Amino acid sequence: MRVLGIETSCDETGIAVYDTEKGLLAHQLYSQVKLHADYGGVVPELASRDHVRKTLPLVKAALQEAGITPKDLDGVAYTKGPGLVGALLVGSCIGRSLAFGWGLPAVGVHHMEGHLLAPMLEDDQPEFPFVALLVSGGHTQLVQVKGIGDYELLGESVDDAAGEAFDKTAKLMGLDYPGGPRLAALAEKGVSDRFTFPRPMTDRPGLNFSFSGLKTFAANTLAANDKSEQTLADIARAFEDAVVDTLLIKCRRALKQTGYKRLVIAGGVSANKHLRAELEALMKKVNGRVFYPRTEFCTDNGAMIALAGALRLQAGEREALSVKTYPRWPMTDLEPMQVAKPTAATDGV
């Protein structure tokens with residue numbers, strides 16, 4: 001089955017073509033970073049308008065890259081939630097309309113399920129069951145995954161997501177948007193033992209997270225110290241250490257609770273080098289393995305939507321002609337599916 005995937009949940013327009021036998025055939029991505037940089041964050045109306053401008057040209061580019069025409073497709077998948085409602089409506093309306101015009105079935109995909117399945121774009125794919133750590137700008141969740149669509153939420157952030165805390169702290173430090181990656185780069189120059197930040201909610205049982213307090217702690221630390229480049233780097237390092245240690249502690253608890261030896265990490269923050277290194281070390285200690293997508297598939301992208309959509313279309317899911325979007329949509333509302341194992345991305349993409 002060959003599926004066109006459309007991702008427009010926030011500030012990236014991602015288009016891809018995925019083949020269940022050959023893997024990923026094409027991958028196009030446009031980031032709105034420059035558009036939103038002057039505002040220090042995503043402006044929903046501007047994001048929606050830019051998706052209107054970019055989606056169809058990227059669809060044409062993806063089909064050309066794959067060397068196919070709409071007649072060679074077997075379905076269309078698009079993100080219908082969660083995300084910014086205007087942005088979701090753009091991708092959903094375009095995706096459903098293209099499917100109708102081309103006489104193809106369509107399916108709406110859960111954005112976070114796309115992230116969860118993104119490691120399956122790689123040659124080295126995790127087997128079920130596993131624990132998934134989903135860390136992005138909008139979500140921080142630990143999920144017990146028994147199969148595609150068979151999810152149990154083990155814990156989540158009760159306030160700011162990890163990526164959101166990174167961005168807000170970076171803004172306090174005067175770093176340009178997008179702040180999270182810039183803070184992580186600055187942290188590489190920092191000294192780890194100069195400042196000590198708390199590890200929130202690790203002094204009690206449970207798998208929930210809280211990161212808003214770290215932002216306040218960072219603000220107080222900034223106010224009490226000089227603003228030299230080294231001091232800022234040291235504060236960035238202390239902040240990153242606290243986030244990574246907190247995620248590590250909770251992952252260790254989740255693995256112990258489930259008895260699983262496989263851990264999947266996905267979402268924008270999964271590209272963080274420090275976090276990957278620590279999770280690799282953790283899984284080595286427990287004789288387990290950690291899986292994650294390549295860096296380009298950590299952030300929002302069409303490849304993960306095309307993959308998730310292909311699996312759901314194979315399982316018989318079909319979208320009605322009416323378009324519905326879900327800005328808030330618990331992943332545990334999804335239904336379990338019996339599907340074949342995905343094919344990895346081709347080496348050329």
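This is a predicted model, so every value here is computed, not measured.
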Original post:
Salt bridge check: are E113 and R312 linked by an N-O gap of less than 4.0 Å?
Top reply: yes

Original post:
Distance-only, no hydrogens or angles: does the N225 side chain make a donor-acceptor pair with backbone N or O of L222 under 3.5 Å?
Top reply: no

Original post:
Is it true that a side-chain atom of K250 and a backbone atom of M201 form a donor plus acceptor pair closer than 3.5 Å?
Top reply: yes

Subject >> Lys/Arg N to Asp/Glu carboxylate O, R276 vs E280, below 4.0 Å >> reply: no

Subject >> Parallel, tilted or perpendicular: rings of H36 and Y177 (30°, 60°) >> reply: perpendicular

**OP:** Please identify each residue that fulfils salt bridge (Lys or Arg N to Asp or Glu O under 4.0 Å) with R253, with sequence neighbours left out.
**Re:** none

**OP:** Would you indicate whether the side-chain heavy atoms of V143 and L154 approach each other to under 4.5 Å?
**Re:** no

Original post:
Looking at F217 versus F197, is the centre-to-centre ring distance below 6.0 Å?
Top reply: yes

Original post:
So, do P82 and H111 sit near enough that their side-chain heavy atoms are less than 4.5 Å apart?
Top reply: yes

Original post:
Hey, are R2 and D74 close enough for a salt bridge, meaning a charged N less than 4.0 Å from a carboxylate O?
Top reply: no

Original post:
Got a salt bridge between D241 and R237, using NZ or NE/NH1/NH2 to carboxylate O under 4.0 Å?
Top reply: yes

**OP:** Please say which of I94, V52, T325, L84 ends up in a side-chain contact (heavy atoms from CB on, under 4.5 Å) with L89.
**Re:** T325

Subject >> For H51, all residues meeting ring-ring contact (aromatic ring centres under 6.0 Å, His included), sequence neighbours excluded >> reply: none

**OP:** Sorted by first residue and then second, give each side-chain hydrogen bond (donor to acceptor under 3.5 Å, both in side chains) pair with at least one member in residues 190-199; sequence neighbours left out.
**Re:** R194-T231, R194-D234, R199-D245

Original post:
Side chains of L117 and M304: does their closest heavy-atom pair fall under 4.5 Å?
Top reply: no

Original post:
Is the ring centre of F239 less than 6.0 Å from the ring centre of F166?
Top reply: yes

Original post:
Would a distance-only check, ignoring hydrogens and angles, find a side-chain to backbone donor-acceptor pair under 3.5 Å from T8 to A87?
Top reply: yes

**OP:** Please determine if D160 and K168 form a salt bridge, counting it only when a charged side-chain N lies under 4.0 Å from a carboxylate O.
**Re:** yes

Original post:
So K324 and E319, salt bridge (Lys or Arg N to Asp or Glu O under 4.0 Å) or not? Walk me through it.
Top reply: CA-CA 9 Å; K324 294 183 179 180; E319 206 73 34; over 6 Å; no

